[in-house]
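Sequence lines set the chain letters: A, B, ... in the order given, protein chains first and strands last, and positions in each chain run from 1.
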2 protein chains.
Amino acid sequence: MPRAGLDQATVTAAGAALADEVGFGALSMGLLAERLGVRTPSLYKHVTSQADLAHRIAVLALNEFADAIRDAIQGRAGREALVSGAHAMRRWVLAHPGRYAAGNAAVVTGPDDPLLPAVQRVLASWTAMLHGYRLDRGQDIHALRMLRSMLHGFATLEAAGSFRIATDIDDSFTWMLDFIDHGLAGNQPDSRTAP
Amino acid sequence: MPRAGLDQATVTAAGAALADEVGFGALSMGLLAERLGVRTPSLYKHVTSQADLAHRIAVLALNEFADAIRDAIQGRAGREALVSGAHAMRRWVLAHPGRYAAGNAAVVTGPDDPLLPAVQRVLASWTAMLHGYRLDRGQDIHALRMLRSMLHGFATLEAAGSFRIATDIDDSFTWMLDFIDHGLAGNQPDSRTAP
DNA sequence: CCAAAAAGCTAATCTCATTAGCCAGCGGTG
DNA sequence: CACCGCTGGCTAATGAGATTAGCTTTTTGG
């Protein structure tokens, strides 16, 4: 019988896809093996452990995530960049909840962990976007943390189904971005939208 | 030999304490049993399953969480209430990471789930706090969602050790609360603090 | 003091992750 | 074309955890 022809990348990609389908927490070696048409122990020829698999999925996920945000911010500035980037992030998380969870659960293991550059890429995009607001020195780090908190919090709460009231969640997200934009733009409500 | 004298409440409380110590994810029936000086199967005389235990911990946690926020907001309004409540929440999460994780992982199972009133209590406190800002009709729900996203996001990122830069995290938290307060107060930076 | 309910315990089952050891397909070499 | 070594897949076995079954003994109401 011919071999399945798996390799690290294939197994990782399949794991990521499966995590999106069944939830990162429900991802198991057995389920993944079945999905790949192989017996469970065979997976260990490509990943050293379930933790290793999870880490590889996280690296893959964070790079895709970084790509999505970078592309959404490209060529835009200020409010445009904020809104585009934030919506891209939200869309990506809703489309890839398992990958997002894997990325959040991952821990940097050492100085040459490929997770590190992936994380940096995400932060670099947000930082570049914030530069458009020309904040005072020292405010950048606070604004970045606030932005991350807000977007990450919104994404996880939404993914967890914690927004239960009927009011449209899209509206809340847009409202929140407006709030941030106005605040960052220096409390000058209409300065950016007036003709 | 005398009995250990356990009951549901004791087991749940011990489980919550253990979750705070070792992390909610590392909580196991065996570890809890050992902590209580009993054999693992004995726990099943008090909780029906590990999922049941986790749910009970979540209910306990959310009620304690609600208490902390209610107490912090009591007797204050506007910025005072926001800052006090937010700091109380942050302090509570840092002191009880396992409980907080249990509360987040919990899912409402039915219409008479005791988790429901606990969640409502938390939301009610935040809603009451926001009333102090006299927002326009329809804005409340958006502001509430933004507040939850921001605080939950900050708390989870901080608990996960995701804020790695040296800059003081306390400062970022305070900066974020100022940002929110200013925005909610209607983009009138000094209207609330001027004599 | 007695009987039933409650709370512990041991032994056994099941699900998973992981390891050990065997065997066959594949690619390159003579 | 036959051969060799590596690699990827397989079966069998181990070990941690959750959970269940069934037995025993403390507790408690009468």
Review item, side-chain donor-acceptor pairs of residues 9-17 of chain B, under 3.5 Å, at least two apart:
| unit_1 | atom_1 | unit_2 | atom_2 | d |
| --- | --- | --- | --- | --- |
| B:Thr10 | OG1 | B:Asp7 | OD1 | 2.5 |
| B:Thr12 | OG1 | B:Gln8 | O | 2.8 |

Legend entry - Residue pair A:Glu158, A:Arg90: steps toward the salt bridge (Lys or Arg N to Asp or Glu O under 4.0 Å) verdict: CA-CA 9 Å; A:Glu158 181 177 19; A:Arg90 177 165 173 241; 2.8 Å; yes

Legend entry - Verdict with reasoning, A:Phe173 to A:His87, per ring pair (Phe, Tyr, Trp, His ring centres under 6.0 Å): CA-CA 9 Å; A:Phe173 192 64; A:His87 274 104; 5.2 Å; yes

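Residues A:Phe163 and A:Phe154 bring their aromatic ring centres within 6.0 Å.
A heavy atom closer than 4.0 Å to some atom of DNA chain D occurs in no member of residues 10-18 of chain A.
Counting heavy atoms from C-beta on, the side chains of A:Asn104 and A:Phe24 never come closer than 4.5 Å.
Residue B:Val122 forms a side-chain contact (heavy atoms from CB on, under 4.5 Å) with just one option from B:Asn63, B:Thr127, B:Ile69, and that option is B:Ile69.
For the residue pair A:Arg76/A:Ser84, the side-chain donor-acceptor check at 3.5 Å is satisfied.
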Inset, instruction - Heavy atoms under 4.0 Å is the rule here; annotate nucleotides 5-17 of chain C 5' to 3' with B where the base is hit, S where only the sugar-phosphate is, and - elsewhere. - result: -BBBBBB-----S

